[in-house]
Amino acid sequence: MVIGDGRVETMMLMGIVVVAVLALVVVFWWWCFGCGLLKVVVVWRWWWWFTDGLQWFTFYSRLQWYNVYSKKEFNVSSQLDHDNDDDVNDNKDDDLTTLLAIKKELNLLDWDDDNLLNNKTSSNYCQWPHITCNSNHSFVEKLVLSHLNLQGNITPISQLKSLKFLDLSFNTFHGPIPNSFGNLSNLQVLDLSYNKFDGLIPTQLGKLTNLKSLNLSNNLLIGSIPNDLQGLVNLQDFQIFSNHLNGSIPIWVGNLTELRVFTAYENELSGKIPESLGSVSELRSLNLHSNYLEGPIPDGVFEMGKLESLVLTQNKLGGSLPESIGKCRGLSSVRIGDNDLIGNIPRAIGNLSGLTYFEADNNNLSGEIVWEFAHCANLTLLNLASNGFSGIIPPVFGQMVNLQELIVSGNSLFGEIPTSVLSNKNLNKIDLSNNRFNGSIPQSVCNSSRLQYLLLGENSLIGEIPHEIGNCVKLLELQLGGNYLTGTIPPEIGRIKNLQIALNLSFNHLHGQLPPDLGKLDKLVSLDLSNNQLTGNIPLALRGMLSLIDVNFANNHLTGPIPTFTPFQKSPNSSFWRNEGLCGYPLNSNCGNSNDSDDNEAFHHRVSYRIVLAVIGSGLLVFLSVTIVVVLFMMREKQEKAAKTVGNEDDLEIDDSNSNNKPLIIAGNVFVENLKQAIDFDAVVKATLKDSNKISSGTFSTIYKAEMPSGLTLSVKRLKSVDKTILNQQTKMIRELERLSNLCHENLIRPIGFAIYDDVALLLHGFLPNGTLARFLHESSKEADYKPDWPVRLSIAIGVAEGLAFLHHLAIIHLDISSGNVFLDSNFKPLVGEVEISKLLDPSRGTASISAVAGSFGYIPPEYAYTMQVTAPGNVYSFGVVLLEILTTRVPVDEEFGEGVDLVKWVQGAPSRGETPEQILDAKLSTVSFGWRKEMLAGLKVALMCTDTTPAKRPKMKKVVEMLQEITENK
């Protein structure tokens, strides 16, 4: 090591040599010629001078060396500082170069490099959107490019060596994940979810030892979970759900001591859950549903007692539920349905004071339902359906004041229906069907003002239906079929105005006449009164059931003509079989001209009598109006009766094993060339004949999921209300579908093919796994792991508006705009469905019922009541309702709004209730940030403009798109 300058060292050596020589000469001379004492004194004195001089010389030399060295050291230090500054500047320049490359690859127009170059300072890029730099603005630490619909080469990002946080979620990136991401050694968060990345998970990601969160969810990744990732010892959040990963869950996942969240659902994983999973870490959330996992649920999952959410549904898990589940007092959600679990539910379940959801349906669990559930004060849903439980429902369940849904169908439970449970004011759904309950239906059955689903079918209930059933004013579905009920049908059922899904009283011992009050159920879709002992005529008042689609009066003692009513005429004749006194269409028996004429004459006399009263009370103008309405109504009835239908398509069930019963496909085509070999029409038809494949049912169609032998998954729409004349004019229908298949807009669902057999039309579409907007808003938001998602909702609203604006540009009016007809792809991009209906149904010709053409309840514009026409301003109104749903997370029709008040009226009435606009919005979203609240209030303004009661004041859809886009631009 160099310690000084060369000249200094040379001078020191020469001085030492000279002094030493002089000293030796003097000592020698005096030693030879001097006396003894004098020699001693002189030698001592010279020695003192020598050492003293040597010390001074050494000090002086060191002083000179220090001065020289200090100057040199200062020069070295200055050089090092200069080099460090150069390194920092180099980092800045490197990051700038990388960012400019990223900008070019991903077309990021909001990264203003021109302004940066004009200012000649490389640190300005830290002010670009989506970028966060370190404290001294020397390099990039955080890059967030989510929800930007980006695609392109992302490899340059791996050059940002100091990056700690990288979020590329919710885009359309495809191809493999770059291996070079493994070089980002400082990375702590990596989110690549909701893209289209494919291939294997790179093993190089195992080098990211600082990584705390890894999210690769909702992509197209294949292969197994690589063992190289076991090096991620700091991993806390590991999410890989909704891919195509296979193999087993590696044992090392259970050894990650920092792991808090592990979600790998909707993959193809098999094998056992590692025993160690959760035993060495404070695991809080485990979601592995929809895989092929086997073996027991490990005790280790509950070992640390920190678990908050457990979702293992739709696997092949066996064994019993571990007793150790009682350790997790903070566990709020347990979903273990659709497995092969056995044994009893452990009584330790009562320790879970925070339990909110418990679903264990479709297993082989047995024993009694443990009363300890009553200790779970926060329990809102208990689903134990389709197991082997026996015994009674514990009466203490009446203490669970927060319970909203009790589902225990498909077991071997017996005893009377406990009145203590029915006293719960918050109950929304009671499903006790398919058990062995006996006794009568309690008069207190409608104590809960919120009850919407009362399912008591397939039991051994006796006695009469209590008249108090009419107090269930919010009921949507009433299932009492398959019991031993006697007496008459209570007319009070007609007071349940919201009854919509089904009224099923079949397979009982009911007698007497049908109450005309049932005609007040104008929202009811399905009515089944078959297999009873009912007598008398079918009341003409049942024509008030304007929404009726499925009806069944078979196996009774009904008499007289079947009323002329479209739902009756469109029903199969089997719906009226074995009523010896019934006659008329669709039965083959003719009532005879006399009887038919008498019936019609009596009916017209009653109408004429009312007309006369109307003339007396209201004058000539009212008389003329009513006469015109009656004439038009009779003309429509005759037209619909002339277009005879073969049967109710939704009740068709075909035995696949009997080839003679297979329907004959008379027409079919696939419009997409590269899919023609992948689609099998026979497989399409078979899929629509199984209720297990049913996805949803709308006003005009029922949608099924169809798996092709080729592996392709389709969404098949089976039309309900197709005009039979269109089916007879197949050329026109095919031409319209081909034209619609060429519609080019990213927010519209286009048909990719069709198939026709008998009188059934099937339309083929690509399968969309994220379901409908209605499900996203009203189901996903209630889940425990729900996260505020206003940017996603705003993007959905804009997409729906753009799709409708495009249709209006082509002069196409949508017939049924609702959140249930907006579908979401894997990236939550909205696609408007039911577009074909506007071309296959022509409402001006009366080819469907009035309520059907109008659309869905809650979305129908007010002017439709007197115009009976579907218009572009009406579409704008319906979209405004959808936008209000997005903003408030409320359904369009809710009894909480009050009698006759829908979502639009509820929002418009906020000032009279003393509520501010902020109180209307969904608080889970509007309270997240001031920016979100500001954007939501702007969206509320647009929604109110769209739902104006005057059609002429509503903006056009093109203007609506512009206003919503301005919200995103003004962030």
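All figures in this text were calculated on a predicted structure; none of them were measured in a lab.
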Original post:
Any side-chain heavy atom of F553 sitting closer than 4.5 Å to one from L534?
Top reply: no

**OP:** Would you confirm whether N315, through its side chain, and N291, through its main-chain N or O, come within 3.5 Å as a donor-acceptor pair?
**Re:** yes

Original post:
Can you tell me how far the CG atom of N344 sits from the CD1 atom of I349, to the nearest 0.5 Å?
Top reply: 12.5 Å

Subject >> Side-chain donor/acceptor of N483 to backbone N/O of N508, under 3.5 Å >> reply: no

**OP:** Report yes or no: does S547 contribute a side-chain atom to a donor-acceptor pair with the main-chain N or O of V525 at less than 3.5 Å?
**Re:** no

Original post:
Can you check whether L455's main-chain N or O pairs, donor with acceptor, with S433's side chain at less than 3.5 Å?
Top reply: no

**OP:** Taking all heavy atoms of R718 and all of L689, pick out the closest pair and write down the distance.
**Re:** NH1-CD2, 3.9 Å

Original post:
What closest approach, in Å, do N424 and L403 show between heavy atoms, and which atom pair accounts for it?
Top reply: ND2-O, 3.4 Å

**OP:** Could you please spell out the steps behind the side chain to side chain donor-acceptor pair (under 3.5 Å) verdict for S290 and E266?
**Re:** CA-CA 5 Å; S290 300; E266 293 179 355; 5.0 Å; no

**OP:** Please tell me if the side chains of L307 and V301 come closer than 4.5 Å, counting only heavy atoms from C-beta onward.
**Re:** yes

Original post:
Do C376 and M400 come within less than 4.5 Å of each other through their side chains, counting heavy atoms only?
Top reply: no

Subject >> Short side-chain to backbone donor-acceptor contact, N498 and V473, under 3.5 Å >> reply: yes

Subject >> Nearest-0.5 Å distance, CH2 of residue W371 to CD of residue Q399 >> reply: 9.0 Å

Original post:
Does S506 offer a backbone N or O that forms a donor-acceptor pair with the side chain of D528 under 3.5 Å?
Top reply: no

Original post:
Do you know which two heavy atoms are closest between L582 and S589, and how far apart they sit?
Top reply: O-OG, 3.5 Å

Original post:
Looking only at heavy atoms, which two atoms of S819 and Y859 are closest? And how far apart?
Top reply: OG-OH, 3.0 Å

**OP:** Please test N411 against R436 for side chain to side chain donor-acceptor pair (under 3.5 Å), starting from the C-alpha separation and ending with a verdict.
**Re:** CA-CA 8 Å; N411 285 285; R436 292 186 287 145; over 6 Å; no

Subject >> Chi angles and distances behind the side chain to side chain contact (heavy atoms under 4.5 Å, CB included) call for T564, Q569 >> reply: CA-CA 7 Å; T564 303; Q569 270 68 62; 4.1 Å; yes

Original post:
Does atom CD of Q443 have more than 12 heavy-atom neighbours from other groups under 6.0 Å away?
Top reply: no

Original post:
Going by heavy atoms in the side chains, are I417 and V445 under 4.5 Å from each other?
Top reply: no

Subject >> Worked verdict on I297 versus F302 for side chain to side chain contact (heavy atoms under 4.5 Å, CB included) >> reply: CA-CA 10 Å; I297 301 174; F302 312 106; 4.1 Å; yes

**OP:** Please tell me if the side chains of F358 and L379 come closer than 4.5 Å, counting only heavy atoms from C-beta onward.
**Re:** yes

Original post:
Which atoms form the tightest heavy-atom contact between N770 and R775, and what is the distance?
Top reply: O-NH1, 3.7 Å

**OP:** State the CD1-OG1 distance between I538 and T559, to the nearest 0.5 angstrom.
**Re:** 9.0 Å

**OP:** Using a 4.5 Å cut-off on heavy atoms from C-beta on, say whether the side chain of N435 contacts that of F389.
**Re:** no

**OP:** Scan K474, Q452, Q404 and name whichever one has a side-chain hydrogen bond (donor to acceptor under 3.5 Å, both in side chains) with N428.
**Re:** Q452

Subject >> Under 3.5 Å: donor-acceptor pair, side chain of N556, backbone of N532 >> reply: yes

**OP:** Using a 4.5 Å cut-off on heavy atoms from C-beta on, say whether the side chain of I465 contacts that of I489.
**Re:** no

Original post:
For the residue pair Y265 and H289, does the interplanar ring angle fall in the parallel (under 30°), tilted (30 to 60°) or perpendicular (over 60°) class?
Top reply: parallel

Subject >> side chain to side chain contact (heavy atoms under 4.5 Å, CB included) evaluation trace for T535 with H511 >> reply: CA-CA 7 Å; T535 58; H511 58 81; over 6 Å; no

**OP:** Using atom types as modelled and distance alone, determine if a side-chain donor or acceptor of N693 lies under 3.5 Å from a backbone N or O of A687.
**Re:** yes

Original post:
Are L503 and I496 close enough, and set up right, to give a side chain to side chain contact (heavy atoms under 4.5 Å, CB included), and what steps lead you there?
Top reply: CA-CA 11 Å; L503 170 60; I496 311 176; over 6 Å; no

Original post:
Are any side-chain N or O atoms of D894 and backbone N or O atoms of E896, one a donor and one an acceptor, separated by less than 3.5 Å?
Top reply: yes

Subject >> Separation of S409 OG from L456 CG (nearest 0.5 Å) >> reply: 11.0 Å

Original post:
Once you round to the nearest 0.5 Å, how far does CG of L548 lie from CG of L524?
Top reply: 6.0 Å

**OP:** Using the six-membered ring wherever Trp is involved, compare the ring planes of H509 and Y484 and label them parallel, tilted or perpendicular (cut-offs 30° and 60°).
**Re:** parallel

Original post:
Does any non-hydrogen side-chain atom of N555 lie less than 4.5 Å from one of W577?
Top reply: no

**OP:** Over all heavy atoms of both residues, which pair between G350 and H375 is shortest? Give the atoms and the distance, please.
**Re:** O-CB, 3.4 Å

Original post:
Can you tell me how far CZ of F507 sits from CD of E458, rounded to the nearest 0.5 angstrom?
Top reply: 8.0 Å

**OP:** Without swapping roles, check the side chain of N339 against the backbone of L341 for a donor-acceptor pair under 3.5 Å.
**Re:** no

